[in-house]
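What follows is a set of notes on a single structure, which appears directly below.
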2 protein chains.
Amino acid sequence: MTNTTLKLLAQQLQLSISTVSRALKDHPDISASTKAKVNALAQSLDYEPNAYAIQLRTQSSKILGVIVPAISNLFYDSFIAAVEEESRNNGYAVMILQSSHNPENELSNLKIFRQNRVSGVFACLSSSTENLEVYQKMNEREIPVVFFDIVPKDNRFTKVRMADERCAIMAAENIIKRNAKKVLAIFGDEGLSITQKRKSAFQKFMQDFAPKTHCSYAHAASTKEAEETMKKFADKKQKVDTVFCMTDEILIGVMRTIQELQIKVPNEIGVISISNGFIPNLYYPHISYVETSGHELGKLAFIQMMANMKGGKTLTELTVDAKFVEGGSM
Amino acid sequence: MTNTTLKLLAQQLQLSISTVSRALKDHPDISASTKAKVNALAQSLDYEPNAYAIQLRTQSSKILGVIVPAISNLFYDSFIAAVEEESRNNGYAVMILQSSHNPENELSNLKIFRQNRVSGVFACLSSSTENLEVYQKMNEREIPVVFFDIVPKDNRFTKVRMADERCAIMAAENIIKRNAKKVLAIFGDEGLSITQKRKSAFQKFMQDFAPKTHCSYAHAASTKEAEETMKKFADKKQKVDTVFCMTDEILIGVMRTIQELQIKVPNEIGVISISNGFIPNLYYPHISYVETSGHELGKLAFIQMMANMKGGKTLTELTVDAKFVEGGSM
DNA sequence: ATAAAAATATCAAACGATTGCGAAAAAATT
DNA sequence: AATTTTTTCGCAATCGTTTGATATTTTTAT
């Protein structure tokens, strides 16, 4: 079966293509009666406008691109879900590509986006991306880029992110409230700006408001590392009474150890993390956490994208605020 | 900055558009020297072919659509990730839309796909979808549809799915091996064919090979329900010694109760589930599970899609085999 | 030197829609 | 009845690419 086109409709109705086109978009030039006829036939023949032709003609694509390190991730998937939802409600479709934290993939993904003339891209840098030239080039081509989560330091770009400092501080506050004496704080990949922000805010706050609390700092780039780190700190000599986990991956590792060693939460140890909430609620008692919602971030990013596409470049950095969610682990 | 087009290149090189086009695709008609010139200029001007124009002209889009109930899901996200990866390696980009288990969304998603002339769609039906006419229509338009996970019963369609019966049987085998006396088996949404398949296979196997084992069957459509179901069965009178969880959602609920009531795994109770492995490994001891890999399924689906696009319709139903992964919970 | 063959490049018509401009028909005004 | 205005529609160019057919030039063979 051949697709119905304007041409076909026009032929069947003995009208010109332009008339049909206008009738379909309710153009004032066209009489009500012909509009009715056109619509009726279009309906019965399932006319579906060819997006390519439209995009070619109008030079605007109604497609947005999203680059994430991995789709299969508790944070990114909710971000994507939010962006997709907002996009669909606004007549856009999303194209999603994964970089696998590989800058080369990132480049080829961007190429696909450019070739498909997406009208905007949401990008999360892969952890080792250094060269931002491509993104600069996209801006020159007037394809707005909104960065999220892992964002460039450079402030020529538009970014949305969690209020990382606030997150860390809220966690610290609750640790102090618990009256912790020996704290283990495990942070993520040391190279990421997100880690640096969270760590320095956390450290500063603890020093300023609870200088006597003894804090040990560690980094874990994987669940496995977190698990091992936790094991080290769980032996008698340096037993900690509170542990802070910067990410879900870390929390998972920590909880494995805690369960394995049958340490009682919250009596023997308090646990607090930064998360979107899914993982913390898997355990009993639920782990208290500072909520960072990929969903919220996605919505914010979309708004920012629309703003960028409409008006001139608004080169700002927006943040989603955090909130503390009480579990039973503190 | 205006985009570089074939036309522009042609003008600058004093060549015709068609020559430039052919040079760029290494057509034998064009001499090596002009090819070199063309390529050089194209390079320096960052020429990127306009996908819309190509698709309009060639009537083939190099875009695949994926419909899932939700992106933010441990199974679907890995399926998507696999499809995306395979697609990219084969020159396709994927467009992903969520139905939220709402048939209306499903319809409008399909519309978007049609308008964007995707060259194929991977579809997971929403749980309440009854009307398959749209999908039939896509087939008529020669847009192959590969169903996965929640698939139509109708065998006019191509489907890939887990070997559900085998999964259930493998679980049952291991339950029998454990020498269970009182088993609680919690299954998912009763309306889904996937549930029915798993349940009937499980039941039959247990009856055939361990008729004396007492089995209680329950359904839970959410984590909350599973949690409560588990609570009911955890009191003394009807204490069970083994629990089977058909999905991750159920496992999570069950484990919450188990942790809350401080029931010892595997001594007091054995736990086994069907999962992709992420959730089972969160606990200590790791939960034994029958592995159903969204990733594998995605790869299979992609192969099937390619086959459908190339050759004639191969209206088959393919399954991904399952394997048992020993945790410490049995 | 001429014809035939091979190599190289161009023309022009699509693909399906949008849109400024002009034309014909109908309605309103004088 | 003649003219103007309004309504309704068609023409044709355009977006960027592909591709069969054709033209031009070069090479090879006669």
Side-chain angles (χ1 to χ4, degrees), chain A residues 1-39 41-42 45-63 91 111 114-119 141-142, chain B residues 1-39 41-42 45-63 91 111 114-119 141-142:
Chain A
M1 168 188 161
T2 149
N3 276 323
T4 29
T5 66
L6 286 187
K7 193 189 207 172
L8 189 74
L9 294 180
Q11 282 171 348
Q12 302 226 358
L13 291 166
Q14 295 282 55
L15 286 173
S16 76
I17 296 180
S18 36
T19 303
V20 175
S21 170
R22 289 189 170 102
L24 252 16
K25 1 179 54 78
D26 206 25
H27 189 102
D29 266 13
I30 308 298
S31 71
S33 69
T34 57
K35 271 179 196 167
K37 277 187 237 158
V38 171
N39 280 313
L41 187 65
L45 262 52
D46 303 298
Y47 169 72
E48 307 254 8
N50 184 320
Y52 297 139
I54 295 176
Q55 288 153 351
L56 177 58
R57 174 61 222 236
T58 64
Q59 305 283 29
S60 87
S61 79
K62 291 287 179 185
I63 295 185
K111 185 168 185 175
R114 285 195 307 269
Q115 293 190 350
N116 281 285
R117 300 295 192 269
V118 297
S119 43
R141 291 200 184 189
E142 293 180 2
Chain B
M1 167 185 160
T2 150
N3 276 324
T4 46
T5 66
L6 287 187
K7 193 187 204 174
L8 189 73
L9 294 181
Q11 282 171 348
Q12 301 226 358
L13 291 166
Q14 294 282 55
L15 286 173
S16 78
I17 296 180
S18 32
T19 303
V20 175
S21 171
R22 289 190 167 103
L24 251 19
K25 357 179 58 77
D26 207 23
H27 188 102
D29 268 12
I30 307 298
S31 70
S33 68
T34 57
K35 272 180 196 165
K37 276 187 234 156
V38 171
N39 279 314
L41 188 64
L45 261 51
D46 304 295
Y47 169 72
E48 307 255 7
N50 184 322
Y52 296 139
I54 294 175
Q55 287 153 352
L56 177 58
R57 172 64 222 236
T58 63
Q59 305 283 34
S60 89
S61 78
K62 292 288 180 184
I63 294 184
K111 185 168 186 175
R114 286 195 306 269
Q115 294 190 350
N116 281 286
R117 301 293 193 270
V118 296
S119 43
R141 292 199 183 189
E142 294 180 2

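Letters go in sequence order (proteins before strands), and every chain restarts at 1.
- Toward the 5′ end of DNA chain C lies the nearest nucleotide of B/Thr34, the other residue of the pair A/Asn50 and B/Thr34 mapping further downstream.
- One interatomic measurement links the two molecules: CG of B/Asn116 to P of C/dA17, which rounds to 13 Å at whole-angstrom precision.
- If you take CG on B/Asn116 and OG on B/Ser119, they are separated by 11.0 Å, rounding to the nearest 0.5 Å.
- Taken from CD in B/Gln11 to CD1 in B/Ile17, the straight-line distance is 8.0 Å, to the nearest 0.5 Å.
- Phosphate proximity of C/dG16 to B/Gln59: present, with a side-chain N or O under 4.0 Å from OP1 or OP2.
- Checking D/dT14, D/dC11, C/dC15 against every side-chain atom of A/Lys7, the shortest atom distance belongs to C/dC15.
- Contact check, A/Tyr52 against C/dT18: no side-chain N or O comes under 4.0 Å of OP1 or OP2.
- Put simply, CD on A/Gln14 is 10 Å from P on D/dG10, counting in whole angstrom units.
- In this structure, B/Ser16 reaches the C/dT10 phosphate: one of its side-chain N or O atoms is under 4.0 Å from OP1 or OP2.
- Separating the OG1 atom in B/Thr5 from the OH atom in B/Tyr47 is a distance of 7.5 Å, to the nearest 0.5 Å.
- If you take CG of A/Asn3 and C1' of C/dC15, they are 12 Å apart, rounded to a whole angstrom.
- Remark: P of D/dT19 and CG of B/Leu6 are 12 Å apart, rounded to the nearest angstrom.
- Straight-line distance from the NZ atom of A/Lys37 to the P atom of D/dT8: 12 Å, rounded to whole Å.
- Straight-line distance from the CD atom of B/Gln11 to the P atom of D/dG16: 11 Å, rounded to whole Å.
- Remark: P of D/dC15 and CD1 of B/Ile54 are 17 Å apart, rounded to the nearest angstrom.
- Looking at heavy-atom distances under 4.0 Å, A/Ile17 makes contact with a base.
- In this structure, B/Lys35 places its NZ atom where more than 12 heavy-atom neighbours from other residues, nucleotides or ligands lie under 6.0 Å away.
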Given the rule in the side-chain hydrogen bond (donor to acceptor under 3.5 Å, both in side chains) test, do A/Ser16 and A/Thr19 qualify, once you have shown the distances and angles that lead to the verdict?
CA-CA 5 Å; A/Ser16 76; A/Thr19 303; 2.9 Å; yes
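- Between atom NZ of residue B/Lys37 and atom CG of residue B/Leu15 there is a gap of 7.0 Å, rounded to the nearest 0.5 Å.
- Whole-Å rounding puts the A/Leu13 CG to D/dC9 P distance at 11 Å.
- When all heavy atoms are compared, the tightest approach of A/Asp46 to A/Thr4 is O-OG1, 3.4 Å.
- A/Leu24 places a side-chain heavy atom less than 4.5 Å from the side chain of A/Leu6.
- Against DNA chain D, the stretch residues 18-31 of chain A makes heavy-atom approaches under 4.0 Å through A/Ser18, A/Thr19, A/Arg22, A/Asp29, A/Ile30, A/Ser31.
- Once rounded to the nearest 0.5 Å, the distance linking CD1 of A/Ile63 with OH of B/Tyr52 reads 4.0 Å.
- Taken over five-pair windows at either terminus, the axes of the helix from C/dA1-D/dT30 to C/dT30-D/dA1 are inclined to one another by 60° (rounded to 10 degrees).
- Residues A/Ser60 and A/Gln55 have side chains not in contact (no heavy-atom distance under 4.5 Å, counting atoms from C-beta outward).
- Proximity note for A/Leu56 (side chain, C-beta onward) versus C/dT18, C/dA9, C/dG16: the nearest is C/dG16.
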